[in-house]
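Working notes for the structure below.
Because the structure is predicted, anything quoted here is derived from the model rather than measured.
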Amino acid sequence: MLDQEKFYTALSQGKMDEVKRLTQEALDAGEPVEKVLKEGLLSSMDRIGVRFKNGEVYIPEVLIAARAMHAGMAVLKPILSKSSAKKAQKIIIGTVKGDLHDIGKNLVVMMLEGGGFEVVDLGIDVPANKFIEAIKTHQPQVVGMSALLTTTMIEMKNTIQAVEWAGLRNQIKMIVGGAPVTNKFAQDIGADGYAPDAASAVDLVRKVLAE
Amino acid sequence: MTYKERILKAARGEWADHLPWVPRIDLWHNSNSMRGTLPKPFKQDASLDEIADYIGGGYHKIVPEFLKVRSPEDNIDRGIGVYRLWGMAYRPELIGVDREVKKEGDATLVTYHTPIGSVSCKYIYTEEMKRAGASITWITEHVIKEPKDYKIVGYIFKNIKIHPDYDNYLEFQRKVGDKGVAAAFANLSASPMHHIMKEFLDATQFYLEMYDHPKEMQGLSEDMEPYFDQIFRVLADSPAEVIFSGANYDEMITYPPFFREHIIPHLQKLADLLHPKGKLLLCHCDGENKGLLDLIPESGMDIAEAVCPQPMTKVTIREVKKAFKGKVTIFGGVPSVALLEESMSDEEFEHFMKNLFNEIKPGDRFILGVSDTTPPDAKFERLLRITEMVQDWGKLPMTE
Ligand code: B12
């Protein structure tokens, strides 16, 4: 039996071992792996994301939950990779060149991982050519860029252009975020989407992937 | 009234004759003089104060000049958030600790050897950061890497001796004269816990560590108390009128329960030392203040500097004023994007500023400034235009 409340409680308290145990138990009880992933882990993480968005929980709770979610994922991964289920979709993300702000981006990474995506974090101060290299190496479906400075926002545009010139633009969706970034700016520079916070970033990725 | 008098009146909740206008232009100046792009009529070596005089506002002497040190060795402890800058009113001395310093290109690697073990950290300051106008160094390797490091860092801080350095501060105060208020710098962090968050761990890792090693963290926080206490006492006795303690509060990073538990008590402690001596407490509140608005007036803070409204944050000046209930002076109001042509057209800028002046009315407890600072690509004429607006509309109390 899969007890969603138990998953949620363990996850929201950041209890990694407990989440691992619940995940294993659900599998042992014969629950299908996709169901354990969706109804056990992902739905709990979604609930935490919503509470975060509503200001009911704060960064630490989200981070410990995301980490516990990872622990559960580690149990599922070997089975998932063998099963016929679709492989997790991949996102690469980084803070653009000249910008060192990473708290927001890290939060987005954690939430995306919590949303069941595979995330490659390129870190801070990432120039366009590094994004391009990473696209070639990791073959992601989505590329995310973060910028907190008005002086570095323009790097998002440069990166989108560089990706276009490299002939890679059609195979990926490019999304942007960070305090000074707006929906209008995202449209102006030819991005595929913008989200104002980490919880919305997960919805955004799901949306652009469905397009 | 001089600029200094105006600022202090506004900061004390009294009426000045005119709305003080105190734009911060240091990063703009750093970057444009580096790039050789200072606008006409300035020579490329024009000084910051020369330009401030031309703009016609007061001098913004609040955030310390992080690049200005009396000798390069004074930079050495930046990796643990300990500063020795020109103009500071105290000077920290590390006792019982041997430092080993290695330079690797733009990076400085410092190892601290103490009788109970060693810790190390690394920070960088690159040409590119310089060109972008950034003034603070970047910690690339944090001093706390394993649980055992908490005790060692605690040892370092427990043994720091804080010496008054009032002559250094007085030189700063003299140089500012009556054009502004020379704030005496305490720390970028308001409290030990805030310091651990800002300086000792990767920002994200900090929150996980709070959960994984609460005892170690608490122990370190206690070990750091004497460091903060000494600074608070030395500054309370200093010749400064305004003390700067703590920066970058933000509803996400220093979320409300954290702010309540780990920041307010230290701000109150400092305020209680300052207020009987007629001194004022200022904090650099440049983050998203929305979730903290009701807590700030409880903190003992007299001036919330770098308050940044919409469109860069979720709050309007009207909301901030309402929440501060006349207890805290707002310093700021012009979000830096308002100075950028690519973000606001001239008409939008005019409209934005008119509306801002309306919100500021009647102008009590307000110091007009740029939040948090004028960006390198700002349209310079807009600063001059604000000076005009202040002249035309800024007579206090502002009516119509
Ligand atoms: C903390 C902070 C710092 C810290 C950074 C620590 C770190 N490890 O990141 C320090 C002190 C080092 C710092 C340095 C500087 N800073 Co600073 N900083 C801030 C502050 C207060 C908070 C930023 C933050 O982390 N917020 C919390 C997180 C959770 O929010 P967030 O980043 O917005 O992220 C959320 C969303 O935007 C979104 N999101 C973010 N990225 C992405 C990506 C995608 C793809 C998506 C979908 C969504 C998304 O989801 C996130 C989570 O909900 C802001 C103020 C502000 N209003 O933002 C100033 C601010 C960004 N800094 C500013 C400045 C000027 C600087 C400096 C130049 C200062 C200096 N003296 O040198 C340097 C620049 C260094 C550099 N080259 O990058 C200015 C920028 C002005 C401008 N518009 O250009 C700001 C806006 C302050 C202000 N009010 O003016 N800063």
Side-chain angles (χ1 to χ4, degrees), chain A residues 12-16 52-68 70 95-111 113 121 123-125 127 147-155 157 178-185 188-189 196-199, chain B residues 27-28 31 124-126 128-129 131-134 136-140 197-198 202-212 214 248 250-259 286-288 290-291 308 310-314 335-344 372-378:
Chain A
S12 59
Q13 294 173 353
K15 296 200 167 131
M16 292 185 274
F52 179 57
K53 208 159 84 183
N54 295 340
E56 291 159 16
V57 297
Y58 303 103
I59 291 190
E61 285 91 343
V62 175
L63 294 179
I64 59 169
R67 187 172 63 170
H70 270 268
T95 301
V96 295
K97 184 165 163 254
D99 205 320
L100 305 171
H101 292 85
D102 66 353
I103 302 174
K105 179 215 38 141
N106 293 352
L107 220 65
V108 172
V109 170
M110 292 298 249
M111 287 298 286
E113 287 177 342
D121 184 355
I124 50 174
D125 194 14
L148 266 282
L149 298 169
T150 36
T151 44
T152 57
M153 273 162 77
I154 191 72
E155 270 304 315
K157 185 177 173 186
V181 180
T182 60
N183 211 357
K184 178 172 178 299
F185 177 80
D188 288 351
I189 63 168
D197 57 66
Chain B
L27 269 61
W28 174 88
S31 170
I124 56 166
Y125 187 69
T126 63
E128 207 171 330
M129 288 165 78
R131 270 196 301 278
I136 37 188
T137 39
W138 184 254
I139 301 175
T140 53
M197 168 196 269
K198 282 182 81 69
D202 166 79
T204 325
Q205 193 59 31
F206 170 80
Y207 301 107
L208 294 171
E209 281 290 294
M210 253 172 52
Y211 181 81
D212 293 342
N248 312 125
D250 179 278
E251 64 167 19
M252 285 267 195
I253 304 175
T254 55
Y255 51 97
F258 184 92
F259 194 80
D286 70 328
E288 177 57 70
K290 181 138 190 151
C308 189
Q310 282 174 9
M312 284 174 71
T313 65
K314 291 185 273 188
S336 58
V337 293
L339 303 176
L340 294 173
E341 260 182 313
E342 71 222 40
S343 305
M344 276 191 205
D372 88 329
T373 185
T374 306
D377 296 321

| note | Taken to the nearest 0.5 Å, the spacing of A/Gln13 CD from B/Tyr211 OH works out to 7.0 Å
| task | Quick one: pull up CE in B/Met312 and OG1 in A/Thr182 and give me the separation to the nearest 0.5 Å. | result | 12.5 Å
| NZ of A/Lys15: more than 12 outside heavy atoms within 6.0 angstrom? | no
| What part of B/Met252 lies closer than 4.5 angstrom to a heavy atom of chain A: side chain, backbone, both or neither? | both
| B/Tyr255: what forms a ring pair (Phe, Tyr, Trp, His ring centres under 6.0 Å) with it, not counting sequence neighbours? | A/Tyr58, B/Phe258
| task | Could you grab the distance from atom CD1 of B/Ile124 to atom CG of A/Leu100, nearest 0.5 Å is fine? | result | 6.5 Å
| message | Using side-chain heavy atoms (C-beta onward) and a distance below 4.5 Å, is A/Thr150 in contact with B/Asp377? | response | no
| request: For the residue pair B/Glu342 and A/Asp188, establish whether any side-chain heavy-atom pair is separated by less than 4.5 Å. | output: no
| query | Partners of B/Phe259 by ring pair (Phe, Tyr, Trp, His ring centres under 6.0 Å), sequence neighbours excluded? | reply | B/Tyr249
| field | Separation of A/Met153 CE from B/Leu340 CG (nearest 0.5 Å) | value | 9.0 Å
| query | Side chain, backbone, both or neither: which part of A/Ile154 has a non-hydrogen atom closer than 4.5 Å to chain B? | reply | neither
| message | Nearest 0.5 Å, please: how far is CD in B/Gln205 from CG in A/Leu63? | response | 9.5 Å
| From B/Thr204 atom OG1 to A/Ile59 atom CD1, the distance as rounded to the nearest 0.5 Å | 8.0 Å
| request: Against chain B, label A/Phe185 side chain, backbone, both or neither, depending on which of its atoms sit under 4.5 Å from a heavy atom there. | output: neither
